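Right, one structure below, let's go through it.
A quick note: this is a predicted structure, and the numbers were derived from the prediction, not measured.
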Amino acid sequence: MFADENILHKPEVYESKQIQITSPILHIGSAVSKLNPFEYVADSKRVYLPNQEALARAFKEQGRLNEYIRRIEEQEDLSSLLEVTFGDDWQNAKNSNGEAIFPKNTSSLRWTEQKITELRPMIRNGFGQLYIPGSSIKGAIRTAIAYHLLKYEEKYQVAEINRVSEIERGLRERLETGFKFSEKEKKSLSKPLMKSLFSDFILSDGDNPIGKIGDANTDFMRAIHITDTQPLLEKKIADKQGRNRFFNLPIVAEVIVSSHFSDWKAKYKAPIYAEMVKNVQTQFTISLDKKMLSWFKHTQGIDIPFPFNNIDDILKICQEFAQDQWDEEYNYWQSVQNNPYAKDTNRQPINLDFNTIRDFYEPEKCPYNLRIGWASGMNGTTVNLLFDEELRKDIRDNCSSRNAPGFEAPKSRRVVTISSREIKFIPGWIKFKVL
């Protein structure tokens with residue numbers, strides 16, 4: 001029998017963890033940014049996304065296909081045509097093949113009494129189920145890692161040309177010449193930086209080269225794999241007092257885009273109607289190929305520490321990035337003043353009362369690990385927070401489709417309202433729990 005110290009242990013080359021995600025409210029956009037009026041139907045309680053083929057077939061069977069086509073061409077509402085064709089219970093209608101015209105998994109609770117225009121759909125899988133793509137989570141993690149590398153540029157020996165001071169200098173030079181950042185140019189500006197941070201490597205196992213040289217092949221994020229989450233299926237769970245609590249509740253809500261005037265009084269800018277999920281609770285798997293990670297050697301031959309060696313390191317990087325965003329948001333919302341006499345785009349009065357949002361950001365320590373998806377803004381999708389505040393304002397103004405004075409930078413924030421139009425939620429914050 002061998003002593004414990006003589007037992008050979010297989011080195012851990014692959015680490016994998018199951019992570020639970022929770023979030024107060026979330027929206028992840030789909031390939032289609034917004035739906036036309038004929039692509040959704042709303043009654044007083046719910047919003048439905050019809051099975052378009054089943055609906056067209058049913059209208060044809062009822063002899064109303066031409067009227068359906070006319071309304072599509074004119075982008076008219078379908079509600080009255082549905083009632084005439086299928087009766088008051090049109091929500092449960094089926095065609096002659098027994099296909100549900102309005103599947104249960106593509107309808108959402110209606111959280112607004114306003115007229116819904118240009119509905120922003122949330123991403124669904126091939127079964128029509130809401131979910132969070134692994135690519136959305138990994139993209140947010142990549143941004144957090146880039147932020148971490150630049151925040152500690154000395155430790156990670158970031159090339160001088162890619163250090164924060166040099167990036168700021170280059171941006172100022174462009175802004176001083178009147179340069180306007182288009183979407184294409186914004187991407188081209190960040191590409192060399194991201195290549196240097198993530199792909200300036202060669203792969204070798206000892207003295208043996210591995211694979212081809214190329215940005216995709218030499219990107220050390222290859223060592224991280226993240227699955228899509230489990231579907232966001234609505235569920236009801238009773239608490240200890242016997243009260244039901246709903247998780248993964250699909251809703252359509254009015255999202256208010258607000259900014260502020262020069263005196264920091266809140267300013268109403270626009271409404272957005274979006275499919276969202278409230279009380280998110282789901283899971284995904286994150287895996288780290290430590291063997292692959294060991295293959296990455298810097299092209300300059302210098303020994304640079306990696307920002308992470310295990311999954312816990314990655315989660316800590318995300319938490320730190322979230323904390324910096326949290327602090328910035330706290331400062332913003334403390335500065336903005338309520339405006340009870342605001343007017344919306346239809347000149348209707350609306351009370352811009354952000355006290356609930358201020359309460360949300362009250363904890364000094366950020367209780368979340370990352371911000372993902374729609375409404376995370378420049379602070380959550382770039383390394384913007386590392387730049388000088390005045391430069392950030394100039395960048396915001398430059399990137400805006402309209403010229404606006406510096407006091408409006410950041411240009412706007414998005415908040416979610418309930419049916420009374422009371423401002424209640426901030427979207428996008430997610431919490432990780434290792435299972």
Are D327 and Q323 close enough, and set up right, to give a side-chain hydrogen bond (donor to acceptor under 3.5 Å, both in side chains), and what steps lead you there? CA-CA 6 Å; D327 293 342; Q323 183 67 57; 2.9 Å; yes
Mutual orientation of the aromatic rings belonging to [X] and [Y] [parallel < 30°, tilted 30-60°, perpendicular > 60°]:
X	Y	answer
H260	W264	parallel
F86	F59	tilted
F102	W90	perpendicular

Go through the steps to decide whether E173 and R169 satisfy the test salt bridge (charged side-chain N to carboxylate O under 4.0 Å, His left out), and finish with yes or no. CA-CA 6 Å; E173 287 180 355; R169 185 185 62 79; 2.7 Å; yes
Can you tell me how far the [atom1] atom of [X] sits from the [atom2] atom of [Y], to the nearest 0.5 Å?
X	Y	atom1	atom2	result
L82	S79	CG	OG	6.5 Å
I372	T143	CD1	OG1	12.0 Å
S199	F220	OG	CZ	8.5 Å
T417	R421	OG1	CZ	7.0 Å
L352	S258	CG	OG	6.5 Å
T285	L435	OG1	CG	9.0 Å

Could you tell me if [Y] and [X] have a donor-acceptor pair between their side chains, going purely by distance under 3.5 Å?
X	Y	result
Q20	Q283	no
N217	R222	yes
Y147	D324	yes
N369	Q319	yes
T282	Q230	no
Q91	D43	yes
R71	N66	no

What heavy-atom pair brings [X] and [Y] nearest, and what distance separates the two atoms?
X	Y	result
E168	D388	OE2-N, 2.7 Å
F296	T218	CE2-O, 3.2 Å
S259	K269	CB-CD, 3.4 Å
F387	V383	CZ-CG2, 4.0 Å
T85	L81	OG1-O, 2.7 Å
P121	H27	O-CE1, 3.3 Å

Charged N to carboxylate O below 4.0 Å: is that the case for E328 and R392?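 Salt bridge present between E328 and R392.
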So that I can tick it off, tell me whether K17 and D312 are bridged by a salt bridge, with the cut-off set at under 4.0 angstrom between side-chain N and carboxylate O.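 The answer is yes: the pair qualifies as a salt bridge.
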Please confirm whether the ring centroid of Y40 lies under 6.0 Å from the ring centroid of Y273.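 For Y40 and Y273, the ring centres are not under 6.0 Å apart.
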Six-ring centre of F198, R142 cation under 6.0 angstrom, axis tolerance 45°: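 Cation-pi check for R142 and F198: passes.
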Could R413 and Y332 be counted as a cation-pi pair, given that NZ or CZ must be under 6.0 Å from the ring centre and within 45° of the axis?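 The answer is yes; both the distance and angle limits are met.
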Going through the checks in order, is the side-chain hydrogen bond (donor to acceptor under 3.5 Å, both in side chains) test met by E61 and S96? CA-CA 8 Å; E61 292 165 356; S96 59; 2.3 Å; yes
Note, [X] side chain near [Y] side chain (heavy atom, < 4.5 Å):
X	Y	value
V255	W374	yes
E53	E99	no
N248	K278	no
V416	I426	no

Test side chain to side chain contact (heavy atoms under 4.5 Å, CB included) on V41 and V47 and set out the steps. CA-CA 6 Å; V41 185; V47 179; over 6 Å; no
Could you walk me through whether E275 and R124 pass salt bridge (charged side-chain N to carboxylate O under 4.0 Å, His left out), step by step? CA-CA 11 Å; E275 275 192 305; R124 284 180 161 83; 3.0 Å; yes
